[in-house]
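Quick caveat: nothing in here was measured; it's all calculated off a predicted structure.
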Amino acid sequence: MVRLLTHNILACHAKDCNTNNFPLEFKDVQLEIREAEFNPEFLKGFLPKLEWKALVDTAIQLGDTSLPLEQPEMLDDEFLKNLHHVLLEIHVEEGSMTCPNCKHVYPISNGIPNMLLAEHEIG
Amino acid sequence: MIPTPDTSHLTARDYEQVYEPAEDTFLLLDALEADADRLKELNPTICLEVGSGSGCVTSFIGGILGPSVLYLCTDINPHACRCTYLTGVQNKVNIHVINGSLAAPLQSRLSHKIDVILFNPPYVPTTEDEANVAQSSRNIGGSWSGGSDGMQVTNMLLDSVANLLSPKGHFYLVVLKQNNISRILQHMDELYHLEGEIVLQRRAGREHLFIVRFIRQGRSTVE
């Protein structure tokens, strides 16, 4: 299930594609919003592992402008709830992700990202 | 005692395409259960299972570590990805599933960030051709066919695991006696300074199975 959290940890891994290979760019996406259980502990623990700019830019691209451009120092409830929604409740069901560098296209089908490469594309 | 995950939603048709939990799976569950306190003390943020198949193992560790951990699963077989997701739902473990080969798409973003890595690889010695065909056809054969020494697929992951493991990271691997455990331990020690230890072993029919746990050298205790 491609949520923005999953998207935030996937990079292009095609042969010789080592720079500017993140974040992958969503195209032709079908979104579904599904409620998930709010867990502030999880969010606080995962926050340092996020690429913040990539997350905010991607959320904006998908129509969600609730996150601040800079990660706030104070993690209040409102911020954590917005982060929860962006990371875990927006599901990309169909569409694709394109590498900004080599333009390789990774399809998404039934919510599952297909990150497989053909034999000749493997580094 | 941690309950064995509920896989009653999976059918014989699913198991035509996806590896059904068997003795090797249960040995890994037992090893994780025996390490439950140690794993909880790690206070992990990210847990990755490579080749998750039915999703049984990640659903099980999800029962140990609870909801404040990111559970990632990869499988080369798209049917397995679907089963993993459904088994997560069935057992109330929120699993993020990626259809991919080993951990390749995570290497760059999650370098030195994964606290627990689990791998029950295709370990059965077969011809190299058989293993290659099984992997590229992305079906159930890929869940067991391991090529020469049964190590063809495992070796690929072994060479990327040190980059993925966090400083406190734990890596659990299912190994068959014929895979040559002492050679695996030596390889990981010399090349990657990962210290391996057999934590559990069992004979199951013709198979003599082991669970090996790797941690970074000098980290014999959890911090």
Side-chain angles (χ1 to χ4, degrees), chain A residues 1-15 17-24 34-51 54-55 84 87-89 91 97 99 101 104 106-123, chain B residues 42-48 52 55 62 65-86 88-89 92-115 132-133 135-138 142 156 160 163-164 166:
Chain A
M1 312 304 110
V2 185
R3 283 163 276 184
L4 294 204
L5 191 157
T6 324
H7 172 263
N8 200 263
I9 57 175
L10 293 174
C12 182
H13 57 109
K15 193 176 180 179
C17 185
N18 307 310
T19 53
N20 188 31
N21 57 353
F22 172 89
L24 304 174
R34 289 193 211 136
E35 247 179 75
E37 202 165 320
F38 180 58
N39 180 348
E41 288 316 303
F42 171 77
L43 296 168
K44 285 176 194 164
F46 199 74
L47 203 50
K49 305 225 161 40
L50 282 170
E51 284 286 343
L55 179 69
H84 167 74
L87 276 182
L88 296 166
E89 295 190 323
H91 290 242
M97 298 180 288
C99 172
N101 180 41
H104 187 91
Y106 297 96
I108 299 166
S109 168
N110 294 313
I112 295 179
N114 177 346
M115 300 301 291
L116 294 164
L117 296 170
E119 199 66 43
H120 66 278
E121 298 164 333
I122 297 172
Chain B
L42 268 185
N43 198 14
T45 307
I46 305 179
C47 173
L48 166 69
S52 57
L65 296 174
S68 297
V69 177
L70 173 64
Y71 297 100
L72 288 171
C73 285
T74 68
D75 206 295
I76 200 167
N77 173 350
H79 303 290
C81 292
R82 192 180 53 86
C83 290
T84 292
Y85 174 72
L86 293 174
V89 171
K92 300 193 169 52
V93 177
N94 195 342
I95 303 179
H96 295 249
V97 188
I98 298 157
N99 183 203
S101 173
L102 304 172
L106 304 170
Q107 288 289 348
S108 128
R109 269 290 283 121
L110 296 186
S111 170
H112 301 295
K113 288 192 172 68
I114 306 183
D115 303 308
N132 288 335
V133 169
Q135 286 299 311
S136 58
S137 56
R138 295 163 188 169
M156 285 194 279
S160 65
N163 174 53
L164 293 166
S166 72

Non-neighbouring partners of [X] that pass side chain to side chain contact (heavy atoms under 4.5 Å, CB included), sequence neighbours left out:
{"X": "B:S68", "value": "A:N39, A:E41, A:F42"}
{"X": "B:N94", "value": "A:R3, B:H96"}
{"X": "A:A54", "value": "A:N8, A:F22, A:P23, A:E51"}

Among A:A14, A:P113, A:G45, which has the most heavy-atom pairs under 4.5 Å with chain B?
->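 That would be A:P113.
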
For chain A, which residues of residues 76-84 of chain B have at least one non-hydrogen atom nearer than 4.5 Å to it?
->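 Within residues 76-84 of chain B, near chain A: B:I76, B:C81, B:R82.
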
A side-chain contact here means heavy atoms from C-beta on lying under 4.5 Å apart; do [X] and [Y] qualify?
{"X": "B:R138", "Y": "A:L116", "answer": "yes"}
{"X": "B:R109", "Y": "A:L10", "answer": "no"}
{"X": "A:V2", "Y": "B:I98", "answer": "no"}

A:L43 versus chain B, the contacting section by heavy-atom distance below 4.5 Å =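 Contact with chain B: none, neither part.
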
Under 4.5 Å heavy-atom distance to chain B, tell me which part of A:I122 shows up: side chain, backbone, both or neither.
->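 Contact with chain B involves no heavy atom of A:I122 at all.
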
Please round to the nearest 0.5 Å and tell me the distance separating atom [atom1] of [X] and atom [atom2] of [Y].
{"X": "B:N99", "Y": "A:I112", "atom1": "CG", "atom2": "CD1", "value": "7.0 Å"}
{"X": "B:S108", "Y": "A:H13", "atom1": "OG", "atom2": "NE2", "value": "10.5 Å"}
{"X": "A:M115", "Y": "B:L106", "atom1": "CE", "atom2": "CG", "value": "8.0 Å"}
{"X": "A:T6", "Y": "B:I95", "atom1": "OG1", "atom2": "CD1", "value": "12.0 Å"}

Selection from B:N43, B:L72, B:V69 maximising heavy-atom pairs under 4.5 Å formed with chain A =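 Top count of heavy-atom pairs under 4.5 Å with chain A: B:V69.
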
